[in-house]
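Chain A is the first sequence line, chain B the second, and so forth, proteins listed ahead of strands; every chain is numbered from 1. Atoms considered below: every heavy atom in the structure, side chains included; atoms not considered: hydrogens, waters and symmetry mates.
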Amino acid sequence: MIHLVPRSQSSLAWQFATPLLAVLATMLTGGLLFWVMGHDPVAAIRTIFWDPLFGPASSYSRPQLLVKAAPLILIASGLAIGFRAGIWNIGAEGQYIIGGITGAAVALAAYPAEGMWIFPAMVLAGALGGWAWGMVPAMLRNWCGASEILVSLMLVYVAQRVAAWMAFGPMKNPEGMGFPGSRNLQQYPPASNPDLIAGTGAHWGVVAAALAVLAAWFLMSRHIRGFHIRAAGIAPRAARFAGVRPATLVAFCLGVSGALAGMAGLFEVAGPAGQISPGFGSGYGFTAIIVAFLGRLHPLGILLAGLLLALTYIGGELAQLMMQLPAASVQVFQGMLLFFLLGFDLLTRYRIARRVAA
Amino acid sequence: MMIDPVALFLLLLSASTPILFAALGELVVERAGVLNLGVEGMMILGALAGFAAAYHSGNPFLGFAAAALAGALVALPFAALTQFLLANQVASGLALTLFGLGLAAMFGKPLEGVKAPGMAPGPFRINWIVWLGLAMVPLIWWFLNRSRSGLILRAVGENHDAAHALGYKVRAIRLGAIAFGGAMAGIGGAYISIATVLQWTEGMTAGAGWIALAIVVFSSWSAPGVLAGAWLFGGVTVLQLRLQAAGVRVPVQFLSMAPYLATILVLVLISARQKYSRRAGSAAPGSLGQNFHALR
């Protein structure tokens with residue numbers, strides 16, 4: 001009979017090994033699933049994980065990697081900070097949508113003005129919008145004790161409807177021939193967010209994501225606030241005795257993750273998406289939760305995890321095109337990945353031992 | 001505008017049924033000390049499995065049975081993760097929701113655009129499943145508060161170490177509760193696809209599972225409270241649909257926000273009451289969200 005013995009310190013080796021194991025297990029199970037559905041499992045896995053980088057169409061898909069990874073990394077960096085403290089912002093999708101709307105609002109208000117100030121102002125407005133949307137659950141938790149999990153999630157559905165209203169109402173393109181959706185910011189140079197080096201997919205969001213990773217790393221391992229966050233996550237009571245105020249942490253974590261998600265939304269609306277459409281919001285906010293866990297809530301891990309999940313997005317599209325795999329299979333893959341990751345995580349915290357007869 | 005109160009009440013009953021089932025299931029799960037945030041995922045899979053079974057067999061009741069089974073089955077990975085692999089319950093529940101939404105979207109594609117067989121109304125022109133949901137309220141209340149098994153389940157939820165010391169099988173009891181919660185969420189989801197919309201569309205539960213989670217908090221973990229919460233939610237839903245139909249000069253998007261905003265509002269009010277009330281402590285089960293690991 002085996003049993004589990006808690007480790008006094010979590011195993012460093014397993015911390016590196018479990019994400020890899022989880023990815024491997026996901027590939028195997030996913031392949032099995034495709035086989036059951038009547039597809040060639042090896043070809044499917046290769047199409048999703050290999051072809052976007054090295055396959056025949058990789059010159060098209062490689063830049064897409066940065067386009068998809070940037071919002072994931074930007075959002076996940078913020079989420080991971082809160083997750084470390086046991087503060088669960090799962091409404092990043094809503095903060096992303098609102099950030100996109102407030103950022104686009106600046107551009108649409110300025111149209112057709114020219115000026116260097118427009119894009120920085122949009123970034124600021126996007127961050128502020130996301131911050132404000134994230135502060136709602138923070139304040140409701142601090143003042144009333146309402147669960148930030150449920151409030152932040154409810155606000156996703158509200159944000160989706162705000163986006164739809166904007167696209168049909170106040171932000172509708174007056175020259176759009178009646179179609180819903182705002183002006184296309186890609187056609188308004190002072191407000192657009194094109195590739196900084198043509199053909200690489202590296203727009204300003206990629207720069208921001210890289211900065212966010214660095215800043216998160218500095219915060220978590222070099223700054224007293226990061227220490228407080230980690231302390232509050234591991235031993236909340238001890239942290240409180242040491243003078244860490246939970247309310248401050250809640251406001252900080254939800255505010256920061258909201259602002260980062262809002263910026264991600266702005267970079268998307270000014271870049272790849274181009275406009276506020278009724279269905280603005282593409283699930284990055286939810287996938288970022290998986291990115292945060294796959295990256296073990298560590299900034300550098302999140303960088304790698306973001307790239308990997310971006311790969312599954314692109315590979316999923318490719319597999320849909322080449323093998324007629326259903327579009328949602330990527331979502332299944334991502335959910336499965338999180339399952340396996342959480343399961344294998346046991347090995348970092350516990351040792352498996354054989355029970356000794358008493 | 002003429003509003004027939006009886007017709008309105010029947011609509012309210014129907015609109016609150018999915019949430020009622022899901023929230024009653026989650027109530028039992030949380031009373032056993034487990035926080036399962038996967039309700040939305042289990043509901044959507046129930047909606048799909050139920051719809052598929054009803055469509056292929058032509059029998060809606062078979063659909064509900066399949067939905068219950070699907071909900072319970074998909075809850076098993078969550079149960080394994082939290083009960084045996086000691087994974088974080090919040091993260092595992094989220095994983096279940098994301099997985100369920102993906103799985104349903106994947107297998108649901110071929111069913112888009114087909115219509116479910118209609119259901120004959122039950123007594124008083126009220127659907128049988130609505131009756132079942134209403135019957136579950138006193139049943140679960142009795143189980144939790146008056147039966148011996150319910151007492152044990154609550155003991156496990158209040159203090160798993162003490163329950164373990166008394167010789168109760170904490171993990172087995174929680175496993176059962178999680179499967180029951182999955183089955184109830186599945187039935188709730190299937191009510192949307194089989195009895196109200198009569199069609200399968202991706203993401204059709206539209207946050208109902210999350211609202212159910214909020215209603216469990218609203219109920220202060222009691223079955224009658226869950227019914228009150230579900231009816232409140234059903235009332236807001238019916239009202240906003242009525243206002244949409246009546247062509248009120250408010251953008252449709254604002255009206256359709258109402259259920260979510262109302263959920264936030266009741267959550268805030270009830271949390272504030274629990275936070276600032278004279279009686280110390282909240283009504284939440286003592287071990288809610290904590291994992292159990294017996295060292296001996």
Side-chain angles (χ1 to χ4, degrees), chain A residues 3-6 33 37 83 86 88 90 136-137 140-141 143-147 149-151 153-158 160-166 168-169 278 283 286-287 289-290 293 325-347 349-350 358, chain B residues 35 37 40-41 77-78 80-82 84-88 90-110 202 206-207 210-211 213-214 217 251-257 259-261 263-264 267-276 282 293-296:
Chain A
H3 72 148
L4 301 167
V5 184
L33 188 68
M37 290 172 68
F83 291 175
W88 300 94
I90 57 171
V136 177
L140 293 181
R141 172 166 163 179
W143 293 337
C144 314
S147 154
I149 298 177
L150 294 174
V151 174
L153 199 105
M154 285 295 129
L155 287 176
V156 174
Y157 294 98
V158 176
Q160 286 170 345
R161 279 152 187 81
V162 172
W165 173 59
M166 285 290 173
F168 282 105
F286 292 115
T287 309
I289 296 171
I290 304 176
F293 279 109
L325 285 185
S329 50
V330 174
Q331 251 177 303
V332 178
F333 252 75
Q334 294 175 346
M336 242 168 11
L337 184 58
L338 190 51
F339 268 145
F340 280 120
L341 196 69
L342 293 166
F344 283 125
D345 202 37
L346 176 85
L347 298 170
R349 291 171 297 131
Y350 292 88
Chain B
L35 179 65
L37 294 186
E40 180 80 4
F78 171 83
L81 278 177
T82 55
F84 298 101
L85 299 175
L86 305 171
N88 180 301
V90 172
S92 306
L94 277 175
L96 177 54
T97 287
L98 295 173
F99 179 70
L101 286 170
L103 210 60
M106 184 159 108
F107 287 116
K109 266 278 171 275
E202 202 178 312
W210 294 103
I211 292 173
L213 276 159
V217 179
V252 176
Q253 291 88 4
F254 280 102
L255 292 174
S256 63
M257 272 176 210
Y260 307 105
L261 292 175
T263 306
I264 294 178
L267 197 61
V268 164
L269 290 179
I270 210 76
S271 309
R273 210 192 69 186
Q274 285 172 5
K275 183 172 172 172
Y276 296 112
S282 104
H293 180 223
L295 284 172
R296 276 171 298 143

Requested in this report: Count the heavy-atom pairs under 4.5 Å between each of B:L98, B:V217, B:T82 and chain A, then report the option with the highest count.
Outcome: B:L98
Query raised in the report: Using non-hydrogen atoms only, which part of A:F344 is less than 4.5 Å away from chain B: side chain, backbone, both, or neither?
Result: neither
Report summary line: Scanning both residues in full, the closest heavy-atom pair of B:M106 with A:A328 reads N-CB, 3.5 Å
Report summary line: Closest non-hydrogen contact found for B:F78 with B:L35 is CZ-O, 3.6 Å
Report task. Would you sort out whether B:Y260 and B:I211 count as a side-chain contact (heavy atoms from CB on, under 4.5 Å), showing the intermediate values? Result -> CA-CA 8 Å; B:Y260 307 105; B:I211 292 173; 3.9 Å; yes
Report task. Below 4.5 Å from any heavy atom of chain B, which atoms of A:W88 appear? Answer side chain, backbone, both or neither. Result -> side chain
**Report entry** Option in B:A91, B:A87, B:P251, B:A105 with maximal non-hydrogen atom pairs under 4.5 Å from chain A
**Finding:** B:A91
Query raised in the report: Checking B:E40 side chain against B:G207 main chain: does a donor-acceptor pair fall under 3.5 Å?
Result: yes
Query raised in the report: Where does A:I149 contact chain B at under 4.5 Å (heavy atoms): side chain, backbone, both or neither?
Result: side chain
Requested in this report: Determine yes or no for a side-chain-to-main-chain donor-acceptor pair under 3.5 angstrom, with B:T97 supplying the side chain and B:L37 the backbone.
Outcome: yes
Report task. Could you tell me which non-hydrogen atom of A:L155 sits nearest to which non-hydrogen atom of A:P137, and how far apart they are? Result -> CD1-CD, 3.7 Å
Query raised in the report: Taking A:L338, A:T287, A:L153 one by one, which has the highest count of heavy-atom pairs under 4.5 Å against chain B?
Result: A:L153
**Report entry** Ring geometry between B:F99 and A:F339 (parallel below 30°, tilted from 30 to 60°, perpendicular above 60°)
**Finding:** perpendicular
Query - Most chain A-contacting option - heavy-atom pairs closer than 4.5 Å, from B:G108, B:S256, B:A214 - result: B:S256
Report summary line: Rounded to the nearest 0.5 Å, the CD1 atom of B:I264 sits from the CE atom of B:M257 at a distance of 10.5 Å
Query raised in the report: Tell me, side chain or backbone of B:T263 under 4.5 Å from chain A's heavy atoms, or both, or neither?
Result: side chain
Query raised in the report: Non-hydrogen atoms of chain A under 4.5 Å away: do they reach the side chain of B:F84, the backbone, both or neither?
Result: backbone
Requested in this report: Can you label the angle between the A:F83 ring and the A:F293 ring as parallel, tilted or perpendicular, going by 30° and 60°?
Outcome: parallel
Query raised in the report: Between B:L213 and chain A, which part of the residue has a heavy atom less than 4.5 Å away: side chain, backbone, both or neither?
Result: both
Query raised in the report: chain B heavy atoms under 4.5 Å from A:L140: which part of the residue, side chain, backbone, both or neither?
Result: side chain
Requested in this report: Under 4.5 Å heavy-atom distance to chain B, tell me which part of A:L337 shows up: side chain, backbone, both or neither.
Outcome: neither
Requested in this report: List the atom of B:S92, the atom of B:N88, and the distance in Å for their closest heavy-atom pair.
Outcome: OG-O, 2.7 Å
Query raised in the report: Which bit of A:L33 comes within less than 4.5 Å of chain B, counting heavy atoms only: side chain, backbone, both or neither?
Result: side chain
Report task. List the atom of B:L85, the atom of A:G343, and the distance in Å for their closest heavy-atom pair. Result -> CD1-CA, 3.7 Å
Query - B:L269 versus chain A, the contacting section by heavy-atom distance below 4.5 Å - result: neither
Query - Under 4.5 Å from any heavy atom of chain A - which part of B:V90 - result: side chain
Query raised in the report: So what's closer than 4.5 Å to chain B heavy atoms on A:V136: side chain, backbone, both or neither?
Result: neither
Query raised in the report: What part of A:R141 lies closer than 4.5 angstrom to a heavy atom of chain B: side chain, backbone, both or neither?
Result: backbone
